[in-house]
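Below: the structure, in structure tokens.
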Amino acid sequence: MFAQIVVDINHSAVDRFFTYRIPDSLPVKPGHHVFVPFGQGNRLKEGFVISVLENTDLALDTVKDIASIIEPYPVVLPEQLRLAEWMHKAYHCLLIDALVCMIPAQLRGQRVHEKTIITVSLAEGIDPEEQFFLLRNAPVQCAVLQIVRDAGEIPKSDVGKLLPGASSAVTALLKKGILIQRDTSVFRRPPVVKVTAEPHALTGDQMRSVEMIRSASSDPKHDTVLLHGVTGSGKTEVYLNAIQDCISRNRQAIVLVPEISLTPQTVGRFSDRFGDRIAVLHSHLSSGERFDEWRRIRLGMADIVIGARSAVFAPVERLGLVIIDEEHEPSYQSEKNPRYNAIDVAAWRVRNSGGVLVLGSATPQLISYYRALSGRYLLSSLPKRVAGRPLPEVEVIDMREELLLGNNGIFSDRLVELLSQTLARKQQAMLFINRRGYSTFVSCRNCGYVLKCENCDISMTYHKAENRTRCHYCGAVKPLPRECPNCRKPFLKHFGIGTEQVEESLHKLFPAVKSLRMDTDTMRAKDSYSRILSAFALGQAQVLIGTQMIAKGHDFPNVTLVGVIAADTTLNLPDYRSPERTFQLLTQVAGRAGRDQIAGHVVLQTYSPLHPIIRFAREQNYPAFYQYEIAERKKMLYPPFSVFVRIVFAGSSEETVSEACISYSRAMELSLRELLGEEGKNDILLLVADEAPIARISGMSRYQLLIKLLRTKRLPDAIRTIYDFHSSHSDVCDDVQLEINPQDMY
Ligand code: ADP
Ligand code: ZN
């Protein structure tokens, strides 16, 4: 027998199957992790068995033997082997890179081991009653015997701690053959916070959603349900019921949540409902915990896996349901190799296992809603908050007027008024800065005019060093105008307010107020995120100030006011998704207000109160937003009507990087033009090589090639050509990365 093996070496030259003979003594199966002699020196390398064959065409004297099996069970399931091959094709990553997604990192190189402890139990054939009599003069031994009898099997070290002299009593009982000891494997488990939440009686809308998910599991034509539920509509309750359904059919479920909302509370809520059948996978586990949680799943001891993006690879054999909560979160796209999208991987898995994928969000990705309306996904809506709670009232404040009235501070008069009322009522407030930190657009503080590119309808980015503005889509450059082209006033400013500035202003107005700040600066420490959130939840501060991080699905019942300092900042980022991201952020952050009995207030401060996106956010009207934005995308031929390909070049020498970018781009264009020919000459909508929007990151100069391709029947070939070209030219400078429809264009 022979095995096809992928060797664990991260290099394209060995990115293929190698054939090895299976010695008769080794029960090798597909998915086994093995040692094989490799290369000239026959050094032992790790590898993964992809398939087992009866025969080989190779000359038998060239075929080497597998040296040994590392773990006794196959570490990669048959379905995961196929998934890895799919990823290899879909994402053009090395097979080994796809395979190692399926296992805990520390399994490679045997850097993590099973933990065993010594347990004691009664030896076979021992009658405890008889022993109590025989040991009547040794009370400690009697007591120990009683404990062990009652427990069945108990860690030796635990017995030793129970009463004085117990350790030597155990030793004596072992010597007499009354007790026996053995090594028992244990699972290191992350601690779970106790949360008790009675299951709610479902609302009619919730019931319909659960029913739709149930019917999708027996409908071969539909395997994805988009659950569009407004903030506070009780999506989690729908998830819990769908999972219950799934496990009662003897299938297993995976629940993905954004890393940032994978709080102990979230896990606690699931564990309260499903107890020990839950496994948790996230980056804050110790490597032992991670390994053991993975092993519990692999060995069938868990039915429900909760985790961040990479948990989509969990080794469940009877997958019936994948839930992706907050499906619009960019974190479901991996930014490092392999650049997989967890939603695509989940879709592949449910298609293969006959399961259902549920995508939940109050603000679905435009593309998801597009697929739902075009019939590819089923659509289920929860249009109302539970228990008749109203959506918060959103007021839009025109900051241009504030300026005219002489207020040039960060807060509008109305926000100050509501803040003081909220603080006086001992309720909590959140202040949100809509900012991504890297980009500055130019706008007029008098009329709200934003400097845009004439070709691209994308905001121009201000470059401080050269005091000019640039379009990062087409490369157009413009000087910074002295006065506003619209109202002729000299109020043109480039933007950027930080959380610190907001905190300072808050303390000037309300010196006694306690506040917490959450942004990337305060988030350096590993657990600071959950520490700040629990401090706020416990009422240790009345105001929480933060960036997008505070917009996520948190449930703070005492928050009744949300202030958005400058709603337009992300609206004007040089990215075609800015309107979508802005609407999502504003709706999500507004959704933090008034989630309990008390109604909530939201203040959106803006310089463009009439912008349609701001209007839709005020109304929290997703369908209206969708109709508007999909029409814009269609007009500009942005995704989903086209595909963006972006290649980023980075390196320490600017000259080398810019030359690499330019020569690569010229050659790439030639290959593409050749492939597409006369017939497809209009398929390339855009092809620009230029400095990246962030021209330098940690000392590295960055350039980019941006290609926009029309969706035609030639698209798959064009993408393949791009990938092929890329594979043979990716060494033109220190770092070259190719992304298809990148999440961020900075
Ligand atoms: P979402 O995720 O849609 O924003 P959640 O699932 O967090 O909403 O639910 C919001 C609140 O409503 C939670 O406090 C939850 O316990 C409560 N809730 C959910 N379903 C019901 C129901 N059927 N009846 C009463 N309260 C409910
Ligand atoms: Zn442009």
Side-chain angles (χ1 to χ4, degrees), residues 193-213 225-245 253 255-258 260-274 304 306 323-329 332 358-365 368-369 379-392 394 428 430 432 533-534 536-537 548 550-560 562 583-600 602 617 620-622:
V193 173
K194 192 102 197 77
V195 176
T196 12
E198 287 300 306
H200 296 286
L202 296 186
T203 64
D205 284 333
Q206 285 172 321
M207 258 188 285
R208 272 187 290 282
S209 296
V210 175
E211 190 45 53
M212 181 177 278
I213 296 167
V225 175
L226 178 62
L227 178 62
H228 173 221
V230 300
T231 55
S233 59
K235 290 185 286 295
T236 311
E237 205 63 37
V238 172
Y239 301 153
L240 292 169
N241 278 272
I243 294 169
Q244 186 66 60
D245 241 39
V255 183
L256 300 188
V257 299
I260 218 154
S261 48
L262 195 57
T263 57
Q265 279 73 21
T266 313
V267 176
R269 215 164 148 191
F270 282 82
S271 129
D272 174 51
R273 199 69 69 87
F274 301 110
I304 301 144
I306 306 178
I323 289 169
I324 302 189
D325 189 30
E326 312 285 355
E327 67 92 35
H328 61 277
E329 280 291 317
Y332 289 122
V358 175
L359 303 174
S361 175
T363 53
Q365 301 181 77
S368 300
Y369 208 75
L379 178 62
S380 181
S381 297
L382 302 171
K384 292 194 290 286
R385 284 191 163 179
V386 291
R389 288 168 205 161
L391 278 169
V394 183
Q428 290 178 300
M430 289 166 92
F432 172 73
L533 288 184
S534 27
F536 190 59
Q548 4 291 339
I550 64 170
K552 308 290 150 72
H554 310 297
D555 206 355
F556 299 115
N558 202 30
V559 169
T560 55
V562 168
F583 177 81
Q584 284 166 343
L585 272 169
L586 295 179
T587 311
Q588 293 287 349
V589 77
R592 297 313 112 211
R595 289 173 66 88
D596 207 20
Q597 267 47 318
I598 329 153
V602 180
Q620 295 174 73
N621 187 345
Y622 183 90

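When a ligand or atom number is given, it counts from 1 through the structure's own listing order.
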With heavy atoms of T203 as the reference, note each atom of ligand 1 found under 4.0 Å away. 23 (N)
Does the plane of the ring in F536 sit parallel, tilted or perpendicular to the ring in F556? Use 30° and 60° as the thresholds. perpendicular
Any idea which atoms of ligand 1 are less than 4.0 Å away from a heavy-atom of A201? 22 (C), 23 (N), 24 (N)
For E326 and V257, indicate whether the former's side chain and the latter's backbone hold a donor-acceptor pair under 3.5 Å. no
Would G234 count as a polar contact of ligand 1, with the cut-off being nitrogen or oxygen pairs under 3.5 Å? yes
Determine whether a donor-acceptor pair (N or O, by modelled atom type, separation under 3.5 Å) exists between the side chain of Q620 and the backbone of P392. yes
Does ligand 1 have an atom that lies less than 4.0 angstrom from a heavy atom of S233? yes
With a 4.0 Å cut-off on N to O distance, would you call R269 and D272 a salt bridge? no
Below 3.5 angstrom, do we get any N/O pair linking T231 and ligand 1? no
Examine ligand 1 and decide if any of its atoms is less than 4.0 Å from a heavy atom belonging to G229. no
Look at the side chain of Y369 and the backbone N and O of H228, then say whether any donor-acceptor pair between them is shorter than 3.5 Å. no
Of the choices Q206, R592, R269, R389, which has the non-hydrogen atom that lies closest to atom 20 (N) of ligand 1? Q206
Mark the output for V230 as yes if a heavy-atom distance to ligand 1 is under 4.0 Å, and as no if none is. yes
Kindly say whether T203 contributes a backbone atom to a donor-acceptor pair with the side chain of Q206 at under 3.5 angstrom? yes
Heavy atom under 4.0 Å from ligand 1: found in H200's side chain, backbone, both, or neither? side chain
Using modelled atom types only, decide if a donor and an acceptor are shared between the side chain of H328 and the backbone of P364 within a distance under 3.5 Å. no
Any N or O of G232 that comes nearer than 3.5 Å to an N or O of ligand 1? yes
